[in-house]
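Numbering of residues begins at 1 and proceeds along the displayed sequence.
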Amino acid sequence: MPSEKEIVIIQKATIYDIINIIEEKPEKTYTTEELKRILKAYIAGAEQ
């Protein structure tokens with residue numbers, strides 16, 4: 001079981017990864033649905 005500190009580190013790393021995904025196309029504006037798809041794909045990939 002991860003400690004509280006480890007959980008915070010994992011959460012920050014996750015957000016950092018998602019920011020990097022979104023910043024790959026700085027000229028793109030994402031809709032709510034597109035952001036949901038990105039997040040769901042990230043989660044699915046992380047579970048493998």
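Pairs passing the salt bridge (Lys or Arg N to Asp or Glu O under 4.0 Å) check and including a residue from residues 26-45, sequence neighbours excluded, read Lys28-Glu34, Glu33-Lys36.
For the pair Ile9/Lys5, a side-chain contact is recorded, criterion being any heavy-atom separation below 4.5 Å from C-beta on. Between Ile18 and Ile22, the closest side-chain pair of non-hydrogen atoms falls below 4.5 Å. Between Ile15 and Lys12 there is no side-chain heavy-atom pair separated by less than 4.5 Å.
When every heavy atom of Glu6 is checked against every heavy atom of Pro2, the shortest pair comes out as OE1-CA, 3.1 Å.
Within the model, atoms CD1 of Ile38 and CD1 of Ile43 stand 12.0 Å from one another, a figure rounded to the nearest 0.5 Å. The CG atom of Leu39 lies 8.5 Å from the CD1 atom of Ile21; values are rounded to the nearest 0.5 Å.
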